[in-house]
Amino acid sequence: MSNELQGRRVAILAADGVERVELEQPRAAVEDEGGHVELLSLKAGEIQARDHDLEPAGTFAVDRTVADAKVGEFDALILPGGTVNPDKLRLDETAVAFVRDFVRSGKTVAAICHGPWTLAEADVVRDRTLTSYPSIRTDLRNAGANVVDRQVCVDGHLITSRDPGDLPAFCEAIIDELASTPAQT
C-alpha cells in the first residue's frame, strides 16, 4: 500500500443497481493509495449490486445518506454505472444537487459507464468533453457535452470512462488527479 492519497476523502455515490466492479475497483484503488472512501446513497442500510446489469452481485453497506453529506467533506466524488443506479440517482433532487455542487466546487469528479447520466441531470456537462457507455451518448450530447470515444477522458477535474473494460485506466486517472491536486477538505 502506498500513502500517496493519505488524508484524502473520496465519496462514492451509488444506489441499488450499481455495477459491482465499477464500485469495487475504484474504491480499492483509492484505499490502496491510503485514501478514505465513504459510500453515500439515497437510503441507509445496503444497496444491491449487479454484474452486467442483470445478475445479482451482492450488497454494499452504505456509510451514510447523501442527504447527510456535504461537498466540503470530500476531495473527490466517484459515480459508478450500471443502468439502474444512475437512473435512480437522477430522480433524487438531493443526489442531483450534491453532484451539481461537487462539479461546481472544482473538485475531482469521476464517472464511468452510465454514471455520466447523473452529470447530465445535474446540468454540468455543457461545453465539457467526456465519454460514456455508448447508449447514453446522445443524452450527453443533448445536454451540451462534446462526447468522445476514449478509454478515459480528462477534462479539467472531470474524469470519465466508457465501461468496466476501462477500469484500469479510469482508476489510474483518479489516483493521478488526486495525487497532483492539493487536498481541499
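Below, each value reflects all heavy atoms present in this structure, side chains not excepted, and no hydrogens, waters or symmetry copies.
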May I ask whether [X] and [Y] are part of the same hydrophobic cluster, defined by side-chain heavy atoms of I, L, V, M, F, W, Y residues being less than 4.5 angstrom apart, directly or through others?
X	Y	answer
Val30	Val62	yes
Val124	Leu158	yes
Leu23	Ile174	yes
Leu130	Val96	no
Val154	Ile78	yes

| task | Check each of Asp63, Leu13, Ile12, Thr65 against Leu40 using the side-chain contact (heavy atoms from CB on, under 4.5 Å) test, and report the only one that passes. | result | Leu13
Taking side chain as C-beta onward, heavy atoms only, is [X] less than 4.5 Å from [Y]?
X	Y	result
Leu5	Asp32	no
Asp75	Thr108	no
Glu22	Pro164	yes
His157	Glu177	yes
Ile112	Leu79	no
Val152	Ile159	yes
Asp16	Asn85	no
Phe98	Lys70	no

| task | Would you sort out whether Ser41 and Val66 count as a side chain to side chain contact (heavy atoms under 4.5 Å, CB included), showing the intermediate values? | result | CA-CA 5 Å; Ser41 192; Val66 67; over 6 Å; no
Shortest non-hydrogen contact from [X] toward [Y]:
X	Y	answer
Ala15	Leu42	CB-CD1, 4.2 Å
Phe60	Ala49	CE1-CB, 3.6 Å
Ala169	Gln151	CB-NE2, 3.2 Å

Mind checking side chain to side chain donor-acceptor pair (under 3.5 Å) for [X] and listing every partner two or more places apart, or none if nothing turns up?
X	answer
Glu24	Arg20
Asp87	Arg90
Asp176	none

| request: Show the numbers, then the answer: is there a side chain to side chain contact (heavy atoms under 4.5 Å, CB included) between Val10 and His36? | output: CA-CA 6 Å; Val10 176; His36 174 76; over 6 Å; no
So, does [X] use its side chain to make a donor-acceptor pair with the main chain of [Y] at under 3.5 Å?
X	Y	result
Thr59	Ile47	no
Glu19	Asp53	yes
Ser161	Asp163	no
Thr131	Cys153	no

How far does [atom1] of [X] sit from [atom2] of [Y], to the nearest 0.5 angstrom?
X	Y	atom1	atom2	answer
Leu167	Glu172	CG	CD	12.5 Å
Leu178	Arg8	CG	CZ	6.0 Å
Glu46	Leu39	CD	CG	10.5 Å

| query | Taking atom OH of Tyr133 as the centre, does the number of heavy atoms from other residues, nucleotides or ligands within less than 6.0 Å exceed 12? | reply | no
| said: For residues 118-130, which residue pairs pass the salt bridge (charged side-chain N to carboxylate O under 4.0 Å, His left out) check, not counting sequence neighbours? | reply: Asp123-Arg126, Arg128-Asp155
| salt_bridge(Arg162, Asp149) N-O dist < 4.0 Å | yes
| field | Electrostatic pair Glu38:Arg64 at N-O distance under 4.0 angstrom | value | yes
| query | Could you go step by step and tell me if Arg50 and Val18 meet the side chain to side chain contact (heavy atoms under 4.5 Å, CB included) rule? | reply | CA-CA 6 Å; Arg50 294 284 182 263; Val18 65; over 6 Å; no
| request: Could you check whether the rings of Phe74 and Phe102 sit parallel, tilted or perpendicular, using 30° and 60° as the cut-offs? | output: tilted
| task | Give the intermediate values and the outcome of side chain to side chain contact (heavy atoms under 4.5 Å, CB included) for residues Val99 and Leu77. | result | CA-CA 8 Å; Val99 170; Leu77 172 63; 4.1 Å; yes
| request: With salt bridge (Lys or Arg N to Asp or Glu O under 4.0 Å) as the test, would you mind laying out the steps for Asp166 and Arg150 before giving the verdict? | output: CA-CA 9 Å; Asp166 296 337; Arg150 285 189 221 143; over 6 Å; no
| said: Does anything in residues 8-31 form a ring-ring contact (aromatic ring centres under 6.0 Å, His included)? List the pairs, not counting sequence neighbours. | reply: none
Please table the atom pairs, donor to acceptor, closer than 3.5 Å between any side-chain atom in residues 113-120 and protein atoms at least two apart or in another chain.
unit_1	atom_1	unit_2	atom_2	d
His114	NE2	Ser135	OG	3.3
Trp117	NE1	Asp139	OD2	2.7

